[in-house]
Each structure stands twice: as C-alpha cells, then as structure tokens.
Amino acid sequence: MVEVEWARLKAHELRDMARRDAVVIVPVAALEQHGPHLPVMVDTRLAGEVGRRAAERAARAGVPSLVLPVIWHGLSEHHMSFGGTVTLDTRSFWLTLRGVVDSVARQGFSRILILNGHGGNIVAIQVAAQDLALEFGLPVVATTYWLEAAPRFAEILDVQENVLHACEAETAMMMALEPDLVDAGDLEAARGPLESRFLNVGTNSYRWRALHEVTANGVIGDPSPATPEKGERLLDAAAQAVCDLISGPDTFAPRDDLRPGAVGGVGFRRG
C-alpha cells in the first residue's frame, strides 16, 4: 500500500511527491456536539477517513495523492448552546485555510482539494477556493464529501436522502469506524426533526439561527436505521466519489484566467 498520509512521510519523500505533481487533499471539519449518542469528533473522524480512502484509491489508479491531517476546527457557532463545541469565526477559518494552502503551494504542489466534512463550512470553503485560486494562481477545488456522493448516498440510506446531523448516515459511518464511541442502546430516543433547512427563510433566503431553535437534543434526522454495514457502504461510496473527482481530467485543468497577468494585466502572487 502506498503511503498517502502527509504526516507519516519524511520531508524528502514529500519533495518527491511535489515533483510528481501529487494532488493534496486538505480535509476540514469541526469539533461539535452530535446529539446524545455520538462523540464530538464525528465530522473530523469522517472527513479524515474519507480523505485517506480517496487518496489511496486515487494512488492505486495512477494519480499521486496525499492527505493532510484534518483541520478539526470549523464554523460551529450554531451548536454552541449544546456544549462540547469548539468554533472559529469566519476570518480565523479563512486565515487557517490560507496558511495551509500557502504552505502547500510553497512546497511546489499545484493541485489542491479542500475536502469538507461539516455543513457549516460549505459556503466558507467555496469562498476560500475562489480567493486562494486567484491569490496563488492555482486550481483550488472545494468539495463536501456527501454532496459529491449524493446519488450514491441516496441509494444506501433508508429514511433520508443524504447527510443531516447525528443522523442515519453519520451514525452508521461512526458505527463502522468507532463502534465503542457510539451509544446505540436507544437510538429511537435520539431522533430529531428530519428538516435540514433551519437556516432558510422565505423562498430560498438565509437567516442565521442556533440549532437549539429546531432540535431539543442536537440531532437532525433519525439515527435508528443505522448499521455498521451501511456505514461501510457510505464510506466507500464517499471515497469513490472523491477519488473520481480527483481523477477527473478537468478537475485541476489549467485555467487561462489563473495565469499571471491574464485578467486585465493583473498578476497573481504564488508562494
């Protein structure tokens, strides 16, 4: 098995990976409450696992790939009232991502995937991908693993179409990975509302709300149908979806509008 974890490699091995134009996966997640039955590590554990599996699959398919340690702190202000949560503000989150991408680019890597595992980060990583692509002149791609795997997840799940929060999907994946950390004694009692649009108002407008306004136990979804077997299928589906993204011929294709001086003569700093 080819080693894909950045933290486990030596500096000279990473220099060689840069010369091979390896894709670098930057997992971002959160440390936040996940109801009465799951640990606060859920998003971080799952994003790291999906990233590692995707990098291994891509490497086996001939696409050199690496995965960084997970950025475990995300935008989780809406969970703070339940306790157990660590959150950043938007600027701190953006600066953290910028520092990581800057470091990776200065090592000679030019293909970067921000892999998100927390719903509260979705808009922020999209903005970061735009800003960092323009600043460094690199194709920075941002994805959220369950959105990239949405058709696959819909075929596996029984009571929901995709990931909610501390739900069927996340509970099943944690059962597969960390069964000792899942309190599965009474999952029916851990049910929450099945509606995930708590931040929406009007037809399709946004208004910030704390999660406790829509769920009493911190859960959105129904964890009771979760099984370890389902969790393993979901993890494989997510890893394959991200692998397919990494391996796509257009995902990291050079862009004329990212070349120095291409937009109205404006240059971009790299490194």
Side-chain angles (χ1 to χ4, degrees), residues 1-11 13-18 20-31 34 38-74 96-97 100-101 103-104 107 109 111-119 121-122 125 129 140-150 152-153 156 163 169-182 228-248 251-252:
M1 180 68 68
V2 176
E3 182 59 69
V4 299
E5 294 187 52
W6 180 294
R8 294 174 62 87
L9 292 169
K10 301 173 181 66
E13 295 171 323
L14 289 163
R15 292 195 297 270
D16 180 63
M17 292 297 286
R20 296 175 60 198
D21 195 26
V23 173
V24 178
I25 300 173
V26 184
V28 297
L31 191 71
H34 271 75
L38 292 177
V40 298
M41 69 184 292
V42 170
D43 292 348
T44 294
R45 181 69 175 93
L46 297 183
E49 183 70 16
V50 172
R52 182 186 61 80
R53 292 188 186 201
E56 288 177 347
R57 290 183 183 219
R60 290 196 298 268
V63 181
S65 301
L66 294 166
V67 59
L68 281 162
V70 183
I71 298 174
W72 56 264
H73 33 43
T96 300
L97 264 179
V100 172
V101 172
S103 297
V104 169
Q107 307 302 312
F109 294 94
R111 299 192 291 170
I112 299 168
L113 177 73
I114 301 171
L115 175 63
N116 178 44
H118 167 53
N121 296 342
I122 292 174
I125 64 164
V140 180
V141 178
T143 191
T144 296
Y145 73 82
W146 66 82
L147 299 181
E148 190 64 25
R152 293 174 167 96
F153 274 27
I156 298 169
V163 170
E170 289 188 328
T171 302
M173 288 186 282
M174 287 299 290
M175 284 177 166
L177 296 177
E178 303 285 352
D180 292 343
L181 299 181
V182 180
E229 295 76 19
K230 186 181 295 182
E232 187 62 34
R233 291 175 63 198
L234 290 167
L235 289 164
D236 281 345
Q240 189 60 53
V242 175
C243 174
D244 291 346
L245 178 64
I246 291 171
S247 306
T251 302
F252 298 103

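Since we're looking at a predicted model, the values are computed, not measured. Note: hydrogens, waters and symmetry copies are ignored here, and every other heavy atom, side chains too, is used. The chain is numbered in sequence order, starting from 1.
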State, to 0.1 Å, how close P69 and A7 come at their nearest heavy-atom pair, and which atoms those are. CG-CB, 4.0 Å
To the nearest 0.5 Å, tell me how far F109 CZ sits from R111 CZ. 11.0 Å
Where A129 and A142 come nearest, the two heavy atoms and their spacing: CB-CB, 3.8 Å
Quick one: closest heavy-atom pair of R152 and A237, and the distance? CD-O, 3.5 Å
Would a distance-only check, ignoring hydrogens and angles, find a side-chain to backbone donor-acceptor pair under 3.5 Å from S103 to V101? no
Parallel, tilted or perpendicular: which fits the ring planes of F153 and Y145, with parallel below 30° and perpendicular above 60°? perpendicular
Measure the shortest side-chain to side-chain distance between V141 and I112 over non-hydrogen atoms and say whether it is less than 4.5 angstrom. no
Pairing of K10 and D16 as salt bridge, 4.0 angstrom limit: no
Kindly give the heavy-atom pair with the smallest separation between N121 and A29, and that separation in Å. ND2-O, 2.9 Å
Can you check whether V28 reaches V70 side chain to side chain, under 4.5 Å on heavy atoms? no
In terms of heavy-atom contacts, L234 and A172 come closest through CD1-CB, 4.3 Å
Distance check, rounded to the nearest 0.5 Å: I246 atom CD1 versus E148 atom CD? 10.0 Å
Note, T143 side chain near N116 side chain (heavy atom, < 4.5 Å): no
Begin with the C-alpha distance, continue with both residues' side-chain angles, and end with the deciding distance and a verdict on side-chain contact (heavy atoms from CB on, under 4.5 Å) for H34 and D43. CA-CA 9 Å; H34 271 75; D43 292 348; 3.2 Å; yes
Atom pair CE/CE of M174 and M41 - distance to nearest 0.5 Å: 5.0 Å
Please check this pair: side chain of R52 against backbone of V4, looking for a donor-acceptor N/O pair closer than 3.5 Å. no
Does the side chain of I25 come within less than 4.5 Å of L66's, by heavy atoms? no
Rounded to the nearest 0.5 angstrom, the CZ-CZ distance for R15 and R20 is 15.0 Å
Below 4.5 Å, heavy atoms only, C-beta onward: do T96 and H73 meet side chain to side chain? yes
Does some side-chain heavy atom of L177 sit less than 4.5 Å from a side-chain heavy atom of R45? yes
L97 side, atom CG; I125 side, atom CD1 - distance, nearest 0.5 Å: 8.5 Å
Which pair of non-hydrogen atoms, one from A239 and one from A54, has the smallest distance, and what is that distance? O-CB, 3.6 Å
Salt bridge check, E5 against R53: does any charged N sit closer than 4.0 Å to a carboxylate O? no
Could you tell me if the side chain of T144 sits less than 4.5 Å from the side chain of L115, heavy atoms only? no
Could you tell me if D236 and Q240 have a donor-acceptor pair between their side chains, going purely by distance under 3.5 Å? no
Spacing of M17 atom CE and Q107 atom CD [to the nearest 0.5 Å]: 13.5 Å
Worked verdict on V242 versus L113 for side-chain contact (heavy atoms from CB on, under 4.5 Å): CA-CA 10 Å; V242 175; L113 177 73; 3.8 Å; yes
Would you check if the side chain of T251 reaches a backbone N or O of L245 as a donor-acceptor pair within less than 3.5 Å? yes
For V23 and F252: C-alpha separation, side-chain torsions, deciding distance, then whether side-chain contact (heavy atoms from CB on, under 4.5 Å) applies. CA-CA 9 Å; V23 173; F252 298 103; 3.9 Å; yes
Mind checking whether L181 and L38 have side chains closer than 4.5 Å, heavy atoms only? no
Main chain of A30, side chain of T44: is a donor-acceptor contact present, judged purely on distance under 3.5 Å? yes
